[in-house]
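Supplied in C-alpha cells, the structure appears directly below.
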Protein chains: 2
Amino acid sequence: MAEDPRRPFDVFSGACPSREVLEHVTSRWGSLTLAALSPEPARFGELRRCVDGVSDKMLSQTLKALEADGLVERHVQSTLPPNVDYRLTPNGETVAAAVKQLILALYAVMPEVMESKAQSA
Amino acid sequence: MAEDPRRPFDVFSGACPSREVLEHVTSRWGSLTLAALSPEPARFGELRRCVDGVSDKMLSQTLKALEADGLVERHVQSTLPPNVDYRLTPNGETVAAAVKQLILALYAVMPEVMESKAQSA
DNA sequence: CAGAATCCAACCCGATACTG
DNA sequence: CAGTATCGGGTTGGATTCTG
C-alpha cells in the first residue's frame with residue numbers, strides 16, 4: 001500500500017487513530033458482533049446466543065467499544081423486564097457491510113483452505 | 001444457527017473451521033499483514049517496517065498461521081544473505097482484497113468516528 | 001537478513017456471583 | 001432480561017539473545 005499524502009489516515013502507522021478502530025472492529029468478538037447486527041438490530045440476549053462462545057462480559061465490553069466509536073447505538077426502553085436493543089449507526093452499517101463481505105470472501109476460499117490445513121498437519 | 005447443507009460454513013458457530021480462519025485473518029497483526037502483502041510480495045524486513053509495532057516473533061507467528069491456511073506462500077532463495085519473500089496465494093488475494101476494502105470503509109467513517117470518541121470522552 | 005528460542009510481565013477473558 | 005464486579009488462570013506478545 002503506497003503512501004498518499006491526501007489520505008490522512010493510515011492503519012499501518014501505530015499512532016494513527018484508525019489503528020485503534022481497526023483493532024476494535026477486528027477484535028475477537030468485534031467483527032462477529034458487527035455482522036450479527038446487520039441489517040437487523042438485536043437485543044443483548046440475541047447477540048449472546050448468535051455469537052457462539054462470547055461471554056456476557058466480553059459482549060458488553062465489545063459493544064461499549066463499538067458504541068464509543070459511534071458504530072453502534074444502544075436503545076433503552078425502561079419497561080419491565082428491561083428492553084434494550086443495539087443497532088448499527090449509518091457508519092456502523094458501512095463498516096459492517098465490509099465485514100460481511102470479508103466473511104463471504106472467507107467462505108469462498110474455505111474449501112481450499114481446509115485442504116491446505118489438512119496437508120500441513 | 002442451524003446447519004445448512006448448501007452453506008457449509010458459519011463463522012457464528014464456534015465449532016466451524018471458518019471461525020478459526022477468521023480469527024487468523026482478523027488477529028491483531030493478521031489483517032495488516034495481509035493488506036501489506038497486496039498486491040506486491042514483500043520480504044520479512046519490509047513487512048516488519050511496514051506494519052508499525054509488530055515484533056519479529058509476532059510477524060513470524062502471524063505469517064505461519066496464514067501460510068498454514070494457504071493464504072500466504074513463503075519463497076526462499078538460499079543465497080547469502082538469505083533472500084526470503086512472502087506472497088499471497090490466489091486465495092490470499094481474495095481475502096486481502098476484502099480486508100483492504102474494510103480498511104477503506106474505515107477511512108471513510110474515521111472523521112465522524114473521531115468526533116464520537118471526542119464526545120464520549 | 002531472516003528467523004528461533006527463552007523468559008516473563010501484562011492483559012485478556014471466562015467463571016462466578018450479584019444487582020435492578 | 002440486561003447487565004456489573006471481582007477474581008484468577010491462561011494466553012498473548014514484547015524484549016532479548018542467539019544462529020545460519
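Convention: sequence-line order gives letters A, B, ...; per-chain numbering from 1. No experiment lies behind these values; they were computed from the predicted model shown.
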Practice item. Take atom CD of Gln61(A) and atom C1' of dC13(C), then tell me their distance rounded to the nearest Å. Key: 8 Å
Exercise for review: To the nearest Å, give me how far apart CG (Leu59(A)) and C1' (dC12(C)) are.
Suggested key: 16 Å
Point to revise | Phosphate-side-chain proximity, Arg43(A) and dC1(D), N/O vs OP1/OP2 below 4.0 Å | key: no
Practice item. May I have the distance from Glu67(A) (atom CD) to dA2(D) (atom C1'), rounded to whole angstrom? Key: 14 Å
Point to revise | Donor-acceptor under 3.5 Å (Arg74(B) side chain, Tyr86(B) main chain) | key: no
Exercise for review: Return the nearest nucleotide to the side chain of Asp56(A); candidates are dT4(D), dA4(C), dG13(D).
Suggested key: dT4(D)
Review point. Whole Å only: how far is the CG atom of Leu63(A) from the C1' atom of dG3(D)?
Key: 11 Å
Review point. Under 3.5 Å, is there a donor-acceptor pair between the side chain of Arg43(B) and the main chain of Asp85(B)?
Key: no
Practice item. For dT4(D), take OP1 and OP2 only and decide whether either is under 4.0 Å from a side-chain N or O of Ser60(A). Key: yes
Practice item. May I ask you to check whether over 12 heavy atoms, not counting those of Glu112(A), lie within 6.0 Å of atom CD? Key: no
Review point. Nearest-Å distance, CD (Glu23(B)) to P (dC12(C))?
Key: 15 Å
Exercise for review: Take the protein atom CD of Glu46(B) and the nucleotide atom P of dG3(C), then report the distance between them rounded to whole Å.
Suggested key: 12 Å
Review point. With a 4.0 Å cut-off on heavy atoms, is Arg48(B) in touch with a base, just the backbone sugar-phosphate, or nothing at all?
Key: nothing
Study note, to complete from the structure: Between Tyr86(A) and Lys57(A), whichever has its closest DNA chain D nucleotide further toward 5' is Tyr86(A)
Point to revise | Under-4.0 Å side-chain N/O to phosphate OP1/OP2 contact, Arg28(A) with dG14(C) | key: yes
Revision key, fill the gap. Looking only at heavy atoms, the pair that brings Arg19(B) and Val51(A) closest together is NH2-C, 4.5 Å
Practice item. Check every atom of dG14(C), dG14(D), dG3(D) against the side chain of Met58(B) and return the nucleotide holding the closest atom. Key: dG14(D)
Review point. If you pin Lys64(A) and Pro82(B) to their nearest nucleotides in DNA chain D, which one's is more 5'?
Key: Lys64(A)
Review point. Quick one: Arg49(A) CZ to dG3(D) C1', roughly how many Å, whole number?
Key: 15 Å
Point to revise | Donor-acceptor under 3.5 Å (Asp52(A) side chain, Ser13(B) main chain) | key: no
